[in-house]
**Student:** 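Sharing a structure with you now.
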Amino acid sequence: MKKLICISLLMISAFGFCQTWKTNMEEAKTTATAQNKNIVLVFSGSDWCAPCIKLDKNVWQSEAFKAYADEKLVLVRADFPKKKNNALPEDIRNNNLLLAEKYNKEGFFPLVVILDKNGKVLAKKGYENQTAAQYISELKAILK
């Protein structure tokens with residue numbers, strides 16, 4: 001019985017800090033407007049781009065960023081995996097290509113585009129080897 005209670009509590013706490021990454025910008029804008037939040041659009045190569053993988057591990061997966069994002073941001077990921085076993089559904093792939101045409105014409109990876117709730121670009125940044133706290137601090141400065 002104790003094990004069941006512990007497992008249940010762990011599951012509940014895990015869902016409390018669960019990030020929801022959207023893949024549709026229009027849906028993100030609707031959510032951002034309704035919740036009065038800014039949007040962070042991330043262009044990544046999740047299975048081939050070493051800085052993208054480090055950004056995910058060091059920042060996006062950190063508890064500090066999850067808490068900050070839950071309160072202040074709507075997250076959108078435009079991923080471009082290369083391995084066949086990581087291929088995305090065609091509709092998401094096409095959507096990511098459209099996002100890249102609009103927001104990442106240069107093809108930089110990783111590229112983080114900070115937008116207001118209407119989709120207006122406020123800033124673009126890459127990734128330097130930073131802690132989650134440093135990254136959050138930079139986002140806060142941009143979003144003043």
Side-chain angles (χ1 to χ4, degrees), residues 5-144:
I5 291 171
C6 287
I7 291 171
S8 298
L9 289 174
L10 283 172
M11 294 295 284
I12 291 168
S13 65
F15 288 120
F17 281 106
C18 185
Q19 288 173 306
T20 303
W21 288 87
K22 297 187 180 304
T23 56
N24 182 296
M25 182 57 76
E26 293 310 312
E27 181 183 323
K29 287 181 197 175
T30 300
T31 302
T33 300
Q35 297 178 4
N36 196 31
K37 293 181 178 181
N38 292 295
I39 300 168
V40 169
L41 168 60
V42 178
F43 289 92
S44 68
S46 62
D47 64 1
W48 59 270
C49 170
C52 301
I53 295 165
K54 283 184 85 169
L55 177 60
D56 183 59
K57 180 181 175 192
N58 294 342
V59 177
W60 308 145
Q61 292 184 29
S62 74
E63 294 305 317
F65 182 80
K66 289 177 184 179
Y68 175 72
D70 187 51
E71 185 179 328
K72 301 285 186 183
L73 305 171
V74 175
L75 304 173
V76 181
R77 187 182 314 260
D79 192 21
F80 292 85
K82 288 188 177 177
K83 295 179 182 174
K84 286 184 181 182
N85 60 334
N86 295 332
L88 300 172
E90 190 173 342
D91 60 328
I92 293 175
R93 191 169 115 13
N94 290 337
N95 187 53
N96 290 351
L97 290 169
L98 291 172
L99 288 172
E101 285 176 21
K102 183 171 184 177
Y103 296 105
N104 191 5
K105 292 178 183 174
E106 302 84 9
F108 292 132
F109 289 90
L111 179 67
V112 179
V113 184
I114 299 98
L115 307 123
D116 70 9
K117 62 186 173 188
N118 301 311
K120 178 185 172 202
V121 176
L122 303 174
K124 292 183 179 184
K125 66 186 268 65
Y127 174 67
E128 298 108 36
N129 195 13
Q130 298 173 296
T131 65
Q134 291 168 320
Y135 208 90
I136 292 166
S137 179
E138 283 189 18
L139 286 175
K140 286 179 178 178
I142 291 167
L143 298 172
K144 276 185 181 180

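Only a predicted model underlies this, so the values are computations on that prediction, with no experimental measurement involved.
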**Student:** Please list all pairs meeting disulfide bond (SG atoms under 2.5 Å apart) that have one or both residues in residues 58-87, counting only residues at least two apart or in different chains.
**Tutor:**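 Applying disulfide bond (SG atoms under 2.5 Å apart) to every pair that reaches into residues 58-87, excluding sequence neighbours, yields nothing.
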**Student:** What pairs with F80 under ring-ring contact (aromatic ring centres under 6.0 Å, His included), at least two apart in sequence or on another chain?
**Tutor:**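 Result, ring-ring contact (aromatic ring centres under 6.0 Å, His included) vs F80: F109.
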**Student:** Go through the structure and list residues passing ring-ring contact (aromatic ring centres under 6.0 Å, His included) with F65, not counting sequence neighbours.
**Tutor:**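 If we apply the ring-ring contact (aromatic ring centres under 6.0 Å, His included) test to F65, skipping adjacent residues, the hits are W60.
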**Student:** Sequence neighbours excluded, which residues qualify as salt bridge (Lys or Arg N to Asp or Glu O under 4.0 Å) partners of K125?
**Tutor:** E138
**Student:** Show every donor-acceptor pair shorter than 3.5 Å between a side-chain atom in residues 110-117 and any protein atom, with sequence neighbours excluded, or say none if there are none.
**Tutor:**
from : atom 1 : to   : atom 2 : distance (Å)
D116 : OD1    : N118 : N      : 2.9
D116 : OD1    : G119 : N      : 3.0
D116 : OD1    : K120 : N      : 2.9
K117 : NZ     : N36  : OD1    : 3.1

**Student:** Can you list the residues that meet the salt bridge (Lys or Arg N to Asp or Glu O under 4.0 Å) rule with K37, with sequence neighbours excluded?
**Tutor:** none
**Student:** For the residue pair I39 and M25, establish whether any side-chain heavy-atom pair is separated by less than 4.5 Å.
**Tutor:**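 I39 reaches M25 side chain to side chain.
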**Student:** Test side chain to side chain contact (heavy atoms under 4.5 Å, CB included) on I53 and W48; report intermediate values, then the result.
**Tutor:** CA-CA 8 Å; I53 295 165; W48 59 270; over 6 Å; no
**Student:** According to side chain to side chain donor-acceptor pair (under 3.5 Å), does anything in residues 81-101 pair up with another residue at least two apart or in another chain? List the pairs.
**Tutor:** D47-N86
**Student:** Excluding sequence neighbours, so at least two apart, what forms side-chain hydrogen bond (donor to acceptor under 3.5 Å, both in side chains) with K22?
**Tutor:** E27
**Student:** Could you walk me through whether K140 and Y68 pass the side chain to side chain contact (heavy atoms under 4.5 Å, CB included) check?
**Tutor:** CA-CA 10 Å; K140 286 179 178 178; Y68 175 72; 3.6 Å; yes
**Student:** To check you understand the geometry: which heavy-atom pair defines the closest contact between Y135 and Q130, and what is its length?
**Tutor:**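 Here Y135 and Q130 meet closest at CD1-OE1, 3.1 Å.
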**Student:** How would you list, by chain and number, every residue that makes a side-chain hydrogen bond (donor to acceptor under 3.5 Å, both in side chains) with N58, sequence neighbours excluded?
**Tutor:**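 Once residues adjacent in sequence are excluded, the partners of N58 under the side-chain hydrogen bond (donor to acceptor under 3.5 Å, both in side chains) criterion are Y127.
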**Student:** Can you tell me how far CG of N104 sits from CG of L97, rounded to the nearest 0.5 angstrom?
**Tutor:**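 Interatomic distance, L97 CG to N104 CG, rounded to 0.5 Å: 11.0 Å.
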**Student:** For T131, enumerate each residue passing the side-chain contact (heavy atoms from CB on, under 4.5 Å) test, keeping only those at least two apart in sequence or located in another chain.
**Tutor:**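 If we apply the side-chain contact (heavy atoms from CB on, under 4.5 Å) test to T131, skipping adjacent residues, the hits are A133, Q134.
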**Student:** For residues 71-79, dump all side-chain donor-acceptor pairs below 3.5 Å to protein atoms at least two apart in sequence or in another chain.
**Tutor:**
from : atom 1 : to  : atom 2 : distance (Å)
D79  : OD1    : S44 : OG     : 3.1
D79  : OD1    : S46 : N      : 2.9
D79  : OD1    : S46 : OG     : 3.3
D79  : OD2    : S46 : OG     : 2.6

**Student:** Is a donor on one side and an acceptor on the other found under 3.5 Å between the side chain of S62 and the backbone of V59?
**Tutor:**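 Pair found, side chain donor or acceptor close to backbone of V59.
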**Student:** Could you state the interatomic distance from NZ (K144) to CG (L139), rounded to the nearest 0.5 Å?
**Tutor:** 13.5 Å
**Student:** By the disulfide bond (SG atoms under 2.5 Å apart) test, which pairs, at least two apart or in different chains, include something from residues 111-144?
**Tutor:** none
